[in-house]
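On a predicted model such as this, the values are computed, not experimentally measured, just so you know.
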Amino acid sequence: MENLLVSIIVPVYNVEEYVERCIKSIIHQTYTNIEVIVVNDGSTDDSINILRRISQNDQRITIINKENGGQASARNLGLEKSNGEFILFVDSDDYLAKNTVQACVQKAEAEDCDLVIFDYYNVNHKGDTQYFKTGMRLDTARTVPWNKFYRKNLWNGFIFPQGSWYEDLGIVPAVVASAKKIVKLDEPLYYYETSRGGSQTNSINYEKLHDVIYMFKNVYEAIEGIGKLEEKEKEVEYLFIEHILFATLLLKLPHIEDREPKYELINHINTTMAEYFPGWQSSDFKNGNSFNHAIKKFVIKSYLRKKFFLGDLVWKYPKKLKTAVSGF
């Protein structure tokens, strides 16, 4: 088993508080035949010095320095320089379970597949964890690149879109759609840090929220381009509903204070859904149990009708209280 080389790609930008934990979780894997490609994307903090210190004692680590160009450009460069038969992405503020690579290699070899998808933990500022199960459909596999173990040739013809936020949304579902055989590992093998304030997940930039829509248009075209749209159309519809409606409207829109950008985003969302999936309101898509889904759908319809006070009353303030109590 150890004869398979695994390339682990880590984009790094100003994560001095987290990067040592990340890299040590990689170099201490039970599976040792790995190359660690760390792409320093123009960090201005102490990240590069931490990386140099750790790499002095481990020849498997390659540090590539580049001018700041964003996470997508760093991942693309890592893919270009990788030599492994399999690829694993790790964000530099996150970390791996000790057996992540070994479990994935064993599963990939046993099943002769080109993609392994696994579960993960969310980790908050107190170190508490929250288990997230994933699936194998486009709408349940998650659009992130890091809960997946790819045969490298699966990325042939694909790159992360550069210059936009939410670039994962713009390509990862297309890569998943192109896989000939997907296998699921029902084990949490990745720890996703939710508390870093500078992360894209925790940042609200109302202009960049429109990138969610642009990225889904990109992935729609990519899936259509590989001839998988007809086969995967229902899953793509669920993706649009999950991310453009549920994630953007429920997780992002409530944090925008000014009314004008709210109106602009709502108009863009309404136009996009009418163009791509005009019948979405009668979709059988479900998010959560029946009660929670009904609440979310009511709030979404309120926001789409620009009834912001009603939506905030039912959703924003209760969620804020829940987050303060649970840490998630």
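K252 contributes atom NZ, which lies 7.5 Å from atom NE2 of H255 (distance to the nearest 0.5 angstrom). Note that CD of E230 and CD1 of I223 are 14.0 Å apart. Values are rounded to the nearest 0.5 Å. Atom OG1 in T62 sits 12.0 Å away from atom CD1 in I8 (nearest 0.5 Å). For the atom pair E35 CD and N33 CG, the distance stands at 9.0 Å (nearest 0.5 Å). The CG atom of D41 sits 9.5 Å away from the CG atom of N14 when rounded to the nearest 0.5 Å. Here the straight-line distance linking atom CG of L209 with atom CG of D211 works out to 8.5 Å at 0.5 Å rounding.
A donor-acceptor contact shorter than 3.5 Å links the side chain of H28 to the backbone of K24. Checked by atom type and distance alone, the side chain of S43 never pairs as donor or acceptor with a backbone atom of N40 at under 3.5 Å. Of the possible polar contacts, one joining the S47 side chain to the V15 backbone as a donor-acceptor pair under 3.5 Å is found. Side-chain N or O atoms of K262 include one that pairs as donor or acceptor with a backbone N or O of I256 at under 3.5 Å. Without hydrogens or angle criteria, N99 side chain to Q102 main chain gives no donor-acceptor distance under 3.5 Å. Of the possible polar contacts, one joining the K316 side chain to the P254 backbone as a donor-acceptor pair under 3.5 Å is found. Listed for the Q29 side chain is a donor-acceptor partner under 3.5 Å among the backbone atoms of S25. No donor-acceptor distance shorter than 3.5 angstrom exists from the side chain of D168 to the backbone of T143, with no hydrogens or angles considered. A distance-only check finds no donor-acceptor pair linking the side chain of E235 to the backbone of R137 [under 3.5 Å]. Panel note: side chain D93, backbone E193; no donor-acceptor pair is recorded below 3.5 Å.
Between K297 and Q281, the shortest heavy-atom contact is NZ-O, 3.0 Å. The two residues L189 and C104 make their nearest non-hydrogen contact at CD1-SG, 4.1 Å. For the residue pair G170 and N218, the shortest heavy atom distance occurs at O-ND2, 2.6 Å. The shortest heavy-atom contact between D139 and L239 is CA-CD2, 4.0 Å. The minimum heavy-atom distance linking K152 with N83 is given by the pair NZ-N, 4.3 Å. Nearest heavy atoms, V219 versus A174: CG2-N, 3.7 Å.
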Does F118 form a ring pair (Phe, Tyr, Trp, His ring centres under 6.0 Å) with W146? I'd like the steps, not just the answer. CA-CA 9 Å; F118 47 86; W146 40 254; 8.3 Å; no
Could you go step by step and tell me if N68 and Y13 meet the side chain to side chain donor-acceptor pair (under 3.5 Å) rule? CA-CA 8 Å; N68 180 249; Y13 179 71; 4.7 Å; no
D119 vs T134, test: side chain to side chain donor-acceptor pair (under 3.5 Å). Steps then yes/no. CA-CA 6 Å; D119 298 337; T134 61; 3.2 Å; yes
N147 and Y190: side-chain contact (heavy atoms from CB on, under 4.5 Å), yes or no, with the steps? CA-CA 7 Å; N147 72 322; Y190 191 97; 5.6 Å; no
Apply side-chain contact (heavy atoms from CB on, under 4.5 Å) to L304 and I269, showing your working. CA-CA 8 Å; L304 289 176; I269 288 173; 3.9 Å; yes
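The neighbour count for E275 CD, taken as heavy atoms of other residues, nucleotides or ligands under 6.0 Å away, is above 12. Counting heavy-atom neighbours within 6.0 Å of K180 NZ, excluding the residue itself, gives a total of 12 or less. Around NZ of K234, the count of heavy atoms belonging to other residues, nucleotides or ligands within 6.0 Å exceeds 12. The 12-atom threshold is exceeded at NZ of K306, counting heavy atoms of other residues, nucleotides or ligands nearer than 6.0 Å. The 12-atom threshold is not exceeded at NZ of K81, counting heavy atoms of other residues, nucleotides or ligands nearer than 6.0 Å. K181 NZ: more than 12 foreign heavy atoms inside a 6.0 Å radius. The number of heavy atoms from other shown groups lying within 6.0 Å of NZ (K66) is above 12.
Partners of Q130 according to the side chain to side chain contact (heavy atoms under 4.5 Å, CB included) rule, which considers only residues two or more places apart in sequence or in another chain, are N122, F132, F328. Applying the side chain to side chain donor-acceptor pair (under 3.5 Å) criterion to K296, with sequence neighbours excluded, gives N287.
Salt-bridge annotation for D284 and K286: absent, with no side-chain N of the basic residue lying under 4.0 Å from a carboxylate O of the acidic one.
Relative to the ring axis of Y95, R21 does not place its NZ or CZ within 45° and under 6.0 Å from the centre.
Taking the six-membered ring wherever Trp is involved, the centroid distance between the rings of F89 and Y150 falls below 6.0 Å. Aromatic pair Y166/H210: ring centres not closer than 6.0 Å. If you look at Y214 and W165, their ring centroids are not closer than 6.0 Å. The six-membered or imidazole ring of H293 lies near that of F246, with a centre-to-centre distance under 6.0 Å.
For the pairing with Y191, the ring-ring contact (aromatic ring centres under 6.0 Å, His included) check across Y121, Y18, Y131 returns one residue only, Y121. The ring-ring contact (aromatic ring centres under 6.0 Å, His included) with F285 is formed by just one residue from the set F277, Y238, W280; it is Y238.
Residue pairs meeting the ring-ring contact (aromatic ring centres under 6.0 Å, His included) criterion with at least one partner in residues 302-323, sequence neighbours excluded, are Y263-F308.
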